[in-house]
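Heads up, the thing below is written out as structure tokens.
A note on names: the letters A, B, ... follow the listed sequences, proteins ahead of strands, and every chain is numbered from 1.
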Protein chains: 2
Amino acid sequence: MDKKELKKRELTESMKTYILENGLAKSSLRNLAKASDTSDRMLLHYFQDKEELMTDVLQAITQDLIQLLKANETGTWPLKTLIPYLSQMMKEPVIKPYLNLWLELMAEASKKEEPYYSAARDIASSFKNFYKEVLMVEPGQSKEHMDAFALVLVEGMVMMDALDFDDDIRNALGGLNELGEN
Amino acid sequence: MDKKELKKRELTESMKTYILENGLAKSSLRNLAKASDTSDRMLLHYFQDKEELMTDVLQAITQDLIQLLKANETGTWPLKTLIPYLSQMMKEPVIKPYLNLWLELMAEASKKEEPYYSAARDIASSFKNFYKEVLMVEPGQSKEHMDAFALVLVEGMVMMDALDFDDDIRNALGGLNELGEN
DNA sequence: AATTTTATGTAGCGGTTGCTACATGTATAA
DNA sequence: TTATACATGTAGCAACCGCTACATAAAATT
């Protein structure tokens, strides 16, 4: 492998950590450089510009997140088990940084700002694949429909979690159960 | 009424428009001033600092949004009617700027950044009140639960809408129907 | 009419941002 | 060994940011 490519991956690794801990807004070249024990000058030596750099790092973060999701994958679950489980998982300190970044990414994505829009769409697609693999569906329900339903529901919970609207997350879980049993 | 207070409201009005059209990121004092046909110097004459200014404008925007929601209020609706209706409403050009701003606000809120965190919580509370007034619940369902459920579901749809995941919104609506009828 | 308060302009400070020009050392290839 | 490519440092630019000091004109109050 190219020596330059190797260095890029090493840099990407440390920048990943910084971005997850500090968010996009604080991720200036100078800050990212400091976190990687180098200079902004060097970052722009290895990456053409900030956009290429962010594209690479966000892609790496996406891969990590997918790994994280797959790691806890143990078979398939019905909606009423999966959703409460995920709402609990959102509270995990390992997950929280990803959720914060996810929301920041969404804000950029809603303005169709690149490379954020593409990165956000990639991540959302990974979420969809996750449900595709892990969600068990009841007779009379379309798998495709319920996958999308789970996706939307969990995204909504992520938002409420960011506002510390924990009661509403709990209540919504209650609502989900009442919906399925009439 | 105070003459100064009157001028503040006039400025707030033009800044509202600018922020809705351009987002928080571009809302520097200089840009807001230009949009209000004045100078940053004058904005800081009428408002103590940028935080006070943003608090005022965001509050005004929140009020507008509440008005918008209430305007289309005609009685109460069951979940399966209300949610599809709202998912359509999200496509309205009048609404879109509010949704973009909402996501940008959420990104700040997730970092507990003031005044954005408070503003976002206020807006979310208004949403809750909206469902409280407009959502009709079926026997065996808790009103409180279903209000929160609607809130979460629609927020999730706002996110998917920002990514242009229209298929998934449609599919999720399908899923919602299948859930209620088994 | 004199005095005090308010409105507004001009200019700038100290900070951040992405990025670049220019230099020099250091490793690799001929 | 010499020539060429790569690595890295130093310094700075031009554009922003929120905010302030200083001045003056206009308006309101006494």
Side-chain angles (χ1 to χ4, degrees), chain A residues 1-16 18-19 21-59 101 104-105 107-108 111 113-119, chain B residues 1-16 18-19 21-59 101 104-105 107-108 111 113-119:
Chain A
M1 152 144 8
D2 204 341
K3 209 171 155 187
K4 183 164 179 171
E5 196 57 36
L6 219 91
K7 184 73 182 175
K8 274 178 90 164
R9 299 203 185 182
E10 181 198 321
L11 290 170
T12 302
E13 201 61 29
S14 47
M15 289 192 287
K16 253 171 40 186
Y18 180 87
I19 291 179
E21 276 174 7
N22 302 282
L24 294 179
K26 291 190 178 170
S27 294
S28 65
L29 288 176
R30 283 167 175 88
N31 283 345
L32 291 170
K34 218 179 297 169
S36 308
D37 200 30
T38 181
S39 63
D40 55 338
R41 170 67 182 72
M42 286 314 295
L43 288 185
L44 290 172
H45 176 68
Y46 287 106
F47 301 88
Q48 188 175 351
D49 53 21
K50 202 194 178 183
E51 179 165 338
E52 191 205 284
L53 183 153
M54 289 306 291
T55 303
D56 283 19
V57 183
L58 288 176
Q59 232 151 52
L101 183 58
E104 215 175 344
L105 220 44
E108 300 295 324
K111 305 178 221 158
E113 202 87 34
E114 291 293 358
Y116 305 112
Y117 178 68
S118 297
Chain B
M1 150 138 13
D2 206 339
K3 208 172 157 188
K4 182 163 181 172
E5 196 57 36
L6 219 89
K7 183 74 182 174
K8 275 179 88 163
R9 300 203 183 183
E10 182 198 321
L11 291 171
T12 303
E13 202 62 31
S14 46
M15 290 192 286
K16 252 171 40 184
Y18 180 87
I19 292 179
E21 276 173 8
N22 303 96
L24 293 179
K26 291 189 177 172
S27 294
S28 65
L29 289 176
R30 284 168 174 89
N31 283 346
L32 291 170
K34 219 178 298 170
S36 309
D37 201 30
T38 181
S39 64
D40 56 337
R41 169 68 183 71
M42 285 314 295
L43 287 184
L44 289 171
H45 176 68
Y46 288 105
F47 301 89
Q48 188 173 352
D49 54 21
K50 201 194 179 184
E51 178 165 340
E52 191 205 283
L53 183 153
M54 289 306 293
T55 304
D56 282 20
V57 183
L58 287 175
Q59 231 151 54
L101 183 59
E104 214 176 344
L105 220 44
E108 300 295 323
K111 305 177 222 157
E113 201 87 33
E114 291 293 358
Y116 306 110
Y117 178 68
S118 298

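Not one side-chain nitrogen or oxygen of B:Lys7 sits closer than 4.0 Å to the OP1 or OP2 atom of C:dA7. A:Ser28 has a side-chain polar atom (N or O) that falls below the 4.0 Å cut-off from OP1 or OP2 of C:dT17. A sub-4.0 Å separation between OP1 or OP2 of D:dC6 and a side-chain N or O of A:Tyr46 is absent.
In this structure, B:Lys4 places its NZ atom 20 Å from P of D:dA26, rounding to the nearest Å. Atom-to-atom, CG of A:Leu53 to P of C:dT17 comes out at 14 Å; the value is rounded to the nearest Å. C:dA7 atom P lies 12 Å from atom NZ of B:Lys8, rounded to whole Å. B:Leu44 has its CG atom 13 Å from the P atom of D:dC17, to the nearest Å. In this structure, the CD atom of A:Glu5 is 12 Å from the P atom of D:dA7, given to the nearest Å. Remark: C1' of D:dA25 and CE of B:Met42 are 12 Å apart, rounded to the nearest angstrom. Atom NZ of A:Lys26 and atom P of C:dT17 are 11 Å apart (whole Å). Residue B:Lys3 contributes atom NZ, which lies 8 Å from atom P of D:dA27 at whole-angstrom precision.
To the nearest 0.5 angstrom, B:Leu105 atom CG is 10.0 Å from B:Ile19 atom CD1. With rounding to the nearest 0.5 angstrom, the CG atom of B:Leu32 is 10.5 Å from the OG1 atom of B:Thr12.
In this structure, of D:dG18, C:dT20, C:dT8, it is D:dG18 that holds the atom nearest to the side chain of B:Lys50. Among the nucleotides C:dG18, D:dA21, D:dA7, the one closest to any side-chain atom of A:Leu29 is C:dG18. The side chain of B:His45 sits closest to C:dT8 out of C:dT8, C:dT20, D:dC6. Taking only side-chain atoms of A:Asn31, from C-beta outward, the nucleotide of D:dG9, D:dT20, C:dT17 with the closest atom is C:dT17.
Nearer to the 5' terminus of DNA chain D, by closest-nucleotide assignment, is the contact made by A:Arg41 (compared with the other of A:Arg41 and B:Glu51). Nucleotides of DNA chain D nearest to A:Arg30 and A:Ser39 differ in position, and the one nearer the 5' end is that of A:Ser39.
Ionic pairing of B:Glu52 and B:Lys8 is present here: one or more N-O contacts between side-chain nitrogen and carboxylate oxygen are shorter than 4.0 angstrom.
Side-chain contact between A:Tyr18 and A:Lys34 is absent, with no heavy atoms from C-beta onward closer than 4.5 Å.
Side-chain atoms of B:Asp49 stay outside donor-acceptor range of the base of D:dC19, with no qualifying N/O pair under 3.5 Å.
Summarising the geometry of B:Asn31 relative to B:Lys26, their closest heavy-atom pair is ND2-O, 2.8 Å, with the distance given to 0.1 Å.
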